[in-house]
Amino acid sequence: MQISPENVATLIVIISVIFLIAPIFLVSYVNLYNQRKKKHQEEKEQLKRDFDLEMLRVQMEVKEETLKTLGAELHDNIGQILSLTTITLTSINLEDTVSSTRKLTSATELTRRAIREIRDLSQLLNGENLLKRGLVAAIELELDWLSRLERYTLTFNKKEFNPASSHNNKDVIVFRLFQELISNIIRHAHATEITILLESHTNTLQLTVKDNGVGFTKNKPQKTGMGLYTIEKRAGMIQGTVQFDTAPGQGTSVKIQVPYP
Amino acid sequence: MEIYFTISTVAEIICFLTGVICLYKDSETSWKLLCFYLLLVCSIEMTGMHMWKVLHKQNSLLYNFLLVFENLMVSYFFFYLFKAYKNRLNWLIIWLVTFSISFTSEMIYNHMNSFAFKTVIAMSVVFVIASLYFYYLILKDEQFRRLSHYAPFWWVNGVLFFYFGSTACNVLFDYVLTDTTNITGTIRYYIINILNIILYSCWSYAFLCRYRLRMSQHSS
């Protein structure tokens, strides 16, 4: 069959139009995808800004918690020691040598205790450096202060933990979560035993804080401290997960798992 | 005089002048090279027109000569654009060798008498693939670029529209030559004119984008 020049001309026009329309769609697609890339990049930057802001907030909270402990310690302990020292010194009767010597010895002992307490407190004040010595050291110091309350039997098991060299951001958040869990126990759990288990297996850090307190109903909204939502959100910031195992009267076990290092 | 000024030649001259104005102070030699290439295109078009319309001589040899420079310029420019993402010197060498073999064979086969349109078809396919690869590199790139002001993007758009759009004309070029009614020849002429307008508009806009980029860098 012979094809006429008119038919070939029509064919050339149709093919050319199709071959011109195709690049229009292609270029539009590239442009559209590029716009999405911009949006994605903006979202990534926003997430990074949010993360930095949250990190700053966490660091502030760690400092606040430290200052709170410091204030309580100054008021309840050192303040008491110094008051006792003042009372002892003012009650000295210089004519009664035996009694004066006894009171002076007692005042000296009280002053030494105050000095010791202040030295320990200065360690706590140096909170910013606390995490530079590692997560274990920070937790140990926190537990050291907790043990002074003499209200809890504390167990800290860290045998299966291998500290990472450069995960300060993660350490700060894990430490802050630990502080908040302990604070919740002190305020609401009415517990007598606290067990802390710190482990690291196959690139995962696992922190378990267990108490024998009153427990709670998981679905009931919590009015206390950070709240469960914020704890989960903070753990999520470092791709971590939180698991609560609790029931009224059964105590509480909170397991935090974080990719590590 | 007006025989030298067709839609295509006017588009080429405007693009060349835009290039000279926008690129004469450009820091990149590759972009400046485009001006020399456009000058060559304009000169050959004018000479070809003179040979065909005034001297009534065949001008296919002249356009074959232009084809070599067209291939060299566009291939090199693609290589330069790819280099910002990945060095593809081996691809450039392989393609230039393939082109040389194809072009020489076709010229020998035709006794240097007709336009090497089969090589043009191969060249168009390669340039279309190169354009698509460039889009792929843009999409894969982490860095966001405002494409409406991105000169390489507009240069590649022109190339894609021109070489992809001319597929039908190139494939049926053999038929067009033998068509005594000249209907297909006229249609081909109009399509090539449209494609030239698209190509040189995109390139002119790309030159303007380069100019704007240079001015913004200069002021900051």
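Just so it is clear: chains get the letters A, B, ... in the order the sequence lines come, proteins before strands, and each one is counted from 1.
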K.L.:
Roughly how far, to the nearest 0.5 Å, is CZ of A:R36 from CG of B:L139?
P.N.:
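Reported value, rounded in 0.5 Å steps: 12.0 Å.
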K.L.:
If I measure from the heavy atoms of chain A, does B:I191 come under 4.5 Å with its side chain, its backbone, both, or neither?
P.N.:
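B:I191 touches chain A through side-chain heavy atoms alone.
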K.L.:
When heavy-atom pairs shorter than 4.5 Å are enumerated against chain B, which of A:V8, A:N34, A:N31 gives the highest number?
P.N.:
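Maximum pair count with chain B is reached by A:N34.
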K.L.:
Going from CZ on B:F144 to CD on A:E42, what distance comes out if it is rounded to the nearest 0.5 angstrom?
P.N.:
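Atom-to-atom, B:F144:CZ and A:E42:CD are 8.0 Å apart.
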K.L.:
Heavy-atom distances under 4.5 Å only: say whether B:F153 touches chain A with side chain, backbone, both or neither.
P.N.:
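The side chain, not the backbone.
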K.L.:
Is it true that, when you exclude A:Y33 itself, more than 12 heavy atoms of the residues, nucleotides or ligands shown sit nearer than 6.0 Å to its OH?
P.N.:
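No, the 6.0 Å shell around OH holds no more than 12 heavy atoms from other groups.
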K.L.:
Provide the closest heavy-atom pair for A:Q41 versus B:Q143 in the form atom of the first, atom of the second, distance.
P.N.:
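The pair with the smallest heavy-atom distance is NE2-CA, 4.2 Å.
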K.L.:
Residues two or more places apart in sequence or in another chain: which of them pass side-chain hydrogen bond (donor to acceptor under 3.5 Å, both in side chains) with B:S131?
P.N.:
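With sequence neighbours excluded, B:S131 shows a side-chain hydrogen bond (donor to acceptor under 3.5 Å, both in side chains) to no residue whatsoever.
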K.L.:
For A:K158, give me all partners under salt bridge (charged side-chain N to carboxylate O under 4.0 Å, His left out), at least two apart in sequence or on another chain.
P.N.:
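Checked A:K158 against salt bridge (charged side-chain N to carboxylate O under 4.0 Å, His left out); matches are A:E140.
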K.L.:
Does A:F156, at its CZ atom, have more than 12 non-hydrogen atoms belonging to other residues, nucleotides or ligands within less than 6.0 Å?
P.N.:
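Count over threshold, so yes.
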K.L.:
Restricting to pairs with a member in residues 130-154 of chain B, which pass salt bridge (charged side-chain N to carboxylate O under 4.0 Å, His left out), not counting sequence neighbours?
P.N.:
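Pairs touching residues 130-154 of chain B that pass the test: A:K44-B:E142, B:D141-B:R145.
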K.L.:
Count the heavy atoms belonging to other residues, nucleotides or ligands that lie under 6.0 Å from NE2 of B:H149, then report whether that count exceeds 12.
P.N.:
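Counting neighbours around NE2 of B:H149, more than 12 heavy atoms of other residues, nucleotides or ligands fall under 6.0 Å, so yes.
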K.L.:
Suppose a student defines contact as a heavy atom less than 4.5 Å from any heavy atom of chain B. Which residues in residues 12-24 of chain A would they list?
P.N.:
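Only A:I12, A:V13, A:I15, A:S16, A:F19, A:L20, A:A22, A:P23, A:I24 of residues 12-24 of chain A have a heavy atom under 4.5 Å from chain B.
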K.L.:
Just wondering, more than 12 heavy atoms not from B:F82 lying within 6.0 Å of its CZ?
P.N.:
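Atom CZ in B:F82 is crowded, with more than 12 foreign heavy atoms closer than 6.0 Å.
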K.L.:
When rounded to the nearest 0.5 angstrom, what distance separates CG in B:L147 from NZ in A:K37?
P.N.:
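Going from the CG atom of B:L147 to the NZ atom of A:K37 covers 7.5 Å.
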K.L.:
Would you say that B:F161 contacts A:L26 through its side chain, given a criterion of any heavy-atom pair below 4.5 Å between the two side chains?
P.N.:
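Sidechains of A:L26 and B:F161: no contact.
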K.L.:
Please check if atom CZ in A:F244 has more than 12 non-hydrogen atoms from other residues, nucleotides or ligands closer than 6.0 Å.
P.N.:
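Yes, enclosed.
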K.L.:
Could you tell me whether B:Y85 atom OH has more than 12 heavy atoms of other residues or ligands within 6.0 Å of it?
P.N.:
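Yes.
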